[in-house]
Amino acid sequence: MDIQEELFDASAEPYIVGGIKAVFYQNPSNFYKVLLVQITETNCDYKEQEIVVTGSFGQIQEEEVYRFYGKLVDHPKFGMQFTSTRYHQEKPTSIEGLIHYLSGDKFPGIGEKTAEAIVDALGEEAIDRINADPDVLVQIPQLNQKKRDTIVEVIQQSNGMEKIIIGLNQYGFGSQLAYSIYQTYQEKTLEIIQENPYQLLEDIEHVGFKKADAIAEQIGIKADSPMRIKAAILFSLNELCLSNGDTYTYAEQLLTKTIEVLESSRSFLIEPESVADEIVHLIDENKLIEDNGKLYIRSLYAAEWGITASIHHMLENSSKIKYSQDIDKEIKIVEKTFNIQYGKSQKEAIKKAVQSPIFILTGGPGTGKTTVLNGIVTLYAELNGLSLDVEDYTEEKPFPILLAAPTGRAAKKMNESTGLPSSTIHRLLGLNGSENQAGEQAEKELSGGLLIVDEMSMVDTWLANQLLRAVPSGMQVLLVGDKDQLPSVGPGQVLHDLLASQKVPSMELNEIYRQGDGSSIITLAHSIKNGELPADFLKPQRDRSFFNCSTFQIEEVIRQVVTKAKAKGFTAQDIQVLAPMYRGPAGIDALNKMLQDIFNPNDTGRRKEVSFNNKVYRIGDKVLQLVNYPEMNVFNGDMGEIVGITYAKETEDKVDEIVIRFDANEVTYKRSEWNKITLAYCCSIHKSQGSEFKMVILPMVKNYHRMLRRDLTYTAITRASELLILCGEPQAFHESVMKSSADRLTTLKERIMGEEESIKSPTDENATKITVVPESKEPVSSVTDQPVQLSMDQENESPQNGLPKEYKLTISKVNNEEVDPMIGMEGVTPYQ
DNA sequence: CTTGTCCA
C-alpha cells in the first residue's frame, strides 16, 4: 500500500489519476491552483476525458501524472470539477510507462534507448531500487556519473514528500497535522523544523508549545535557550490575548503565563529574570510591542492604529458629501415606494447615514435595522442617480453599492432582504485564509460608492483593519450591528469601541417593531442588556415562564414542555431549544437525542436510519449546517430537514447518502461529509445568532460554567419572537447576567478619541475592569439567595387563567404531571 | 468552553 494511503486512510475515497494539461490559475501567495487534467483513471461517475481539479498543491509539473483524492463538485460558474484535498505524483507502473517516464523531460539526457536499458536491468521495481540504493545504476553502461546523479536526484526529489511525511510521523505528528505542515512548508518541511521547531507555533494551527518543545528537546535545544524562552513568550502572549479577546496584556501576567508554559513542558526551573530579559529582547526586535505598560501582539497593535487612521481619514472627508436634492422630500418618496412609514429615529438614521462618510446603525433585534438599511440603499441610489438593477452593470462598470458581512449566513440574509448582491467580507477583500492575521500583504482597493457591513459586532480587530484599509477615498461606509450580541471570535470589540469613542456618527434604534405590544421578552432583554434581572423574572407571563430545576432535571422539564407544545400544534421548526455547550447532561447532544425521540421517533424500530458520531439520522430530522457551501447557497448555521436517506448498496458510489432540504434547494451529503451537519432540535446559542423562532426554550444551569455570559443569554432570549421558556437554576441566570462580555482589553476607543494614553498600572486597569461589572442588584440577589419558589399573585397576574393563588412550579409536580408546563400560555398557539 | 473566514 502506498505510504500516503496508509497514512491518510483513504480506502474508498474518490480519486482521479491523470496528466496535467494546463495550470489555469495559481495563487502566488499560497498553494491554491486550478488545473486541467487529462483523466486516465477514476472511480468517479464522470464520463468526460478532461476535468478541472482545484486545491492546494505544491510544485505541479505540466505533463506529469498525478493522483488526486477529493470529490466532484458542481460549480455554478465553472461546471463539474474535482476539489482535491490531497494528491501525489503517480509512479509509472508498467514497463512502457516506466520507459516513457524515464525518457521524459524530467530526466534530461536520457533517451528512450537508455531508459529501456535501465528498465531491462532493474525491472519494474526500478524506481524503488534506485531509491533504496543509487549504486544500482552503476551496472548500466550507458550512464555516466553525471546522468546517474541526475536520475538519482530527480527520483529522490519526487520521493521527498513521502520522506517528509515519514519524518513528521517520527516527530509524532498525526496524519492531520503532518498534512497541514507539509502543505505549508512543502519540501522545506524538515529543514525548517530542524532549524527552529518553534516556527511551527507561528505557522501551523493546532500545534501547541509542548509539541514544538518536544521536537526542540529531541534536536538538542536547551531548556534555558533564549530561542525556547522567546517562543514561549510569544505563544503565551497569543494564548492570553486570544483566549480573552484582548488586544494586549500586561508584563506581569505574561511573565507568569510564560513560566507556567515553560515549566509544564519540561521540568526545568526557569528564572523569571531570564524571561523578563527575553521580553525586552523581543520588544527590541519589534516582535512584541510595548506601549504605556501594555504588551501587544504586533499585528493587533498595528491593526488598532490602522483602524484609527482609516476612521480619521474618512471623517476628514465629511464636508465633501453634498446633495442638491431635498433629502426629507426624497425620504418621503422612498416611503411611498416601499409603502411604509419610518419612525422618527429611523428617518433620522437614514438621513444621517447618506450624509456621513462613515455611519454606525445599531439596535437590538426587531428594531428595524433591515428596514432602515433598505431605506438607506434606496435613498442613496436616488440621490446619486444610480440604478439598483444589477442587470444595468457589467464587469467594467461594477455595482456601486457593496454589501458584506463577516459570516456567509449573514451575507445571504442581506442578499435576501435587499435583493442586492452581497458577500462575506473575506470574499469581498479577496482574502483566502493563507494570509497571516496581520494582513500585511498588499490587497486590492474596493471600488464603488457605498459599503454596507452587517453584523459588525462579529468583525474582529484584524478584519476591521483590512476592511477599512481597502475603502478608497470618497466611498461611504455604513456599519450595522447590535453591540450587545455575541462578540467576534477574534480579538477586539470593534463595533463597541467605535460607538464608545463617540467620534463616528451613529444612531441607535430602540423602538421594537417585531414583537407586539406588551412583550415581556423584550423588557427582559433590555434588563439583561443592562446587567439586571427584573423582579418578575421567575413569574409566569403571557409570553414567558420559568421552571426552576437542577442540571439533571433539565432534560425531563424540556421533554414535558416540548411534548405539550407539540400537542398544541407547534412543530419542530417553531420550537428551538438553545444551550451554550454540547457536552454534559444538560448539553446540546443529550437534549437533541431526547428531542429527536419526541419529534421523529423510531418507535417500531423499522424506520430507515443511519448513525454517525453517536448520532442517528432519520428522514424528517431537523438538521444544522456547520460549514459554508456557497455554491449551493447553504451556509454555516442554516437549518434544513432530511428528506432522503440512501444506503450504500443502493448508491452508485457505494457510500451512504443523506439528502437535506434547505429552503429551496436540496443537498446530498455522502457519509464522509456528515461531519458538516448535526441535529438541530437543540443548537448552540452561537449558531442561533441571526435566526428567529416562535418558541425558544433556554436552559441555564451552573453546570454550563464559563459559558454563563450576558451576551449569550441576551442573544438566546432575543431569538424568541412569541414565546420564551426558561428553565434551570435562577442563580445561573443571575451569574450569566452579571458577567459582562464587553470588557475585553482593547485600546481602540482611546486611539480613535486621540486621547493621550493615560499611564495606568496593571492594578489601575484591574480596578476599571471591576467597575465595568454592575453593582450588585437588589432584586436579583434577593431572588437568588434562597431556594426559589415560583408563586403567582392571582390579583395581578393573568387572572383569566383561574390558577390557584399559591401555585408553585416544582420539579415533583412537573414529574407527576400535576401542572401544565405551558402554564400561563393557554391561549397561545403557533398560528395566532 | 464556544465561536469565523478563504481562492479563477
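Note: hydrogens, waters and symmetry copies are ignored here, and every other heavy atom, side chains too, is used. Just so we're on the same page: letters track the sequence lines, and every chain starts at 1. Note that the coordinates shown come from a computational prediction; the quantities given were computed from them, not determined experimentally.
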Asker: Looking at A/Y582, does any N or O in its side chain come under 4.0 Å of the phosphate oxygens OP1/OP2 on B/dT3?
Answerer: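 For B/dT3, OP1/OP2 do have a side-chain N/O of A/Y582 under 4.0 Å.
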
Asker: Just to confirm, is there a sub-4.0 Å distance from OP1 or OP2 of B/dC7 to any side-chain nitrogen or oxygen of A/T54?
Answerer: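 It does not, given that no N or O in the side chain of A/T54 lies less than 4.0 Å from OP1 or OP2 of B/dC7.
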
Asker: For a quick test of reading the model: is some side-chain N or O of A/R427 closer than 4.0 Å to OP1 or OP2 of B/dC7?
Answerer: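 So the side-chain polar atoms of A/R427 do come within 4.0 Å of the phosphate oxygens OP1 or OP2 of B/dC7, strictly under.
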
Asker: A/Y669: what forms a ring-ring contact (aromatic ring centres under 6.0 Å, His included) with it, not counting sequence neighbours?
Answerer: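 A/Y669: ring-ring contact (aromatic ring centres under 6.0 Å, His included) contacts with A/Y629.
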
Asker: Distance check needed: B/dT3 P versus A/N628 CG, whole Å only.
Answerer: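 Rounded to the whole Å, the gap is 14 Å.
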
Asker: Using a heavy-atom cut-off of 4.0 Å across all strands, would you classify A/G408 as base, sugar-phosphate, or nothing?
Answerer: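 Sugar-phosphate, no base atom in range.
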
Asker: Does the plane of the ring in A/Y87 sit parallel, tilted or perpendicular to the ring in A/F68? Use 30° and 60° as the thresholds.
Answerer: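 Parallel: the ring planes of A/Y87 and A/F68 meet at under 30°.
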
Asker: To the nearest Å, how far apart are A/Q485 CD and B/dG4 P?
Answerer: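 Computing the A/Q485:CD to B/dG4:P distance gives 14 Å.
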
Asker: Could you tell me whether the phosphate oxygens of B/dA8, OP1 or OP2, come under 4.0 Å of any side-chain nitrogen or oxygen in A/K33?
Answerer: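 False: A/K33 side-chain N/O out of range (4.0 Å or more) of B/dA8 OP1/OP2.
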
Asker: Roughly, in whole Å, what's the span from NE2 in A/H426 to P in B/dC7?
Answerer: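 Going from A/H426 (NE2) to B/dC7 (P), I get 10 Å.
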
Asker: So what does A/D460 hit on the nucleic acid, given a heavy-atom distance under 4.0 Å: a base, only sugar-phosphate, or nothing?
Answerer: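 Nothing, no nucleic acid heavy atom in range.
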
Asker: Below the 4.0 Å mark, does B/dG4 have OP1 or OP2 next to a side-chain nitrogen or oxygen of A/N636?
Answerer: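 Checking A/N636 against B/dG4: at least one side-chain N or O falls below 4.0 Å of OP1 or OP2.
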
Asker: Out of B/dC6, B/dG4, B/dC1, which nucleotide sits closest to the side chain of A/T424?
Answerer: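 Nearest nucleotide to the side chain: B/dC6.
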
Asker: A/L428 has an atom CG; how far is it from atom P of B/dG4, in whole Å?
Answerer: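 Interatomic distance, CG of A/L428 to P of B/dG4: 20 Å.
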
Asker: Using a heavy-atom cut-off of 4.0 Å across all strands, would you classify A/E455 as base, sugar-phosphate, or nothing?
Answerer: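 Counting heavy atoms under 4.0 Å across all strands, no contact is made by A/E455.
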
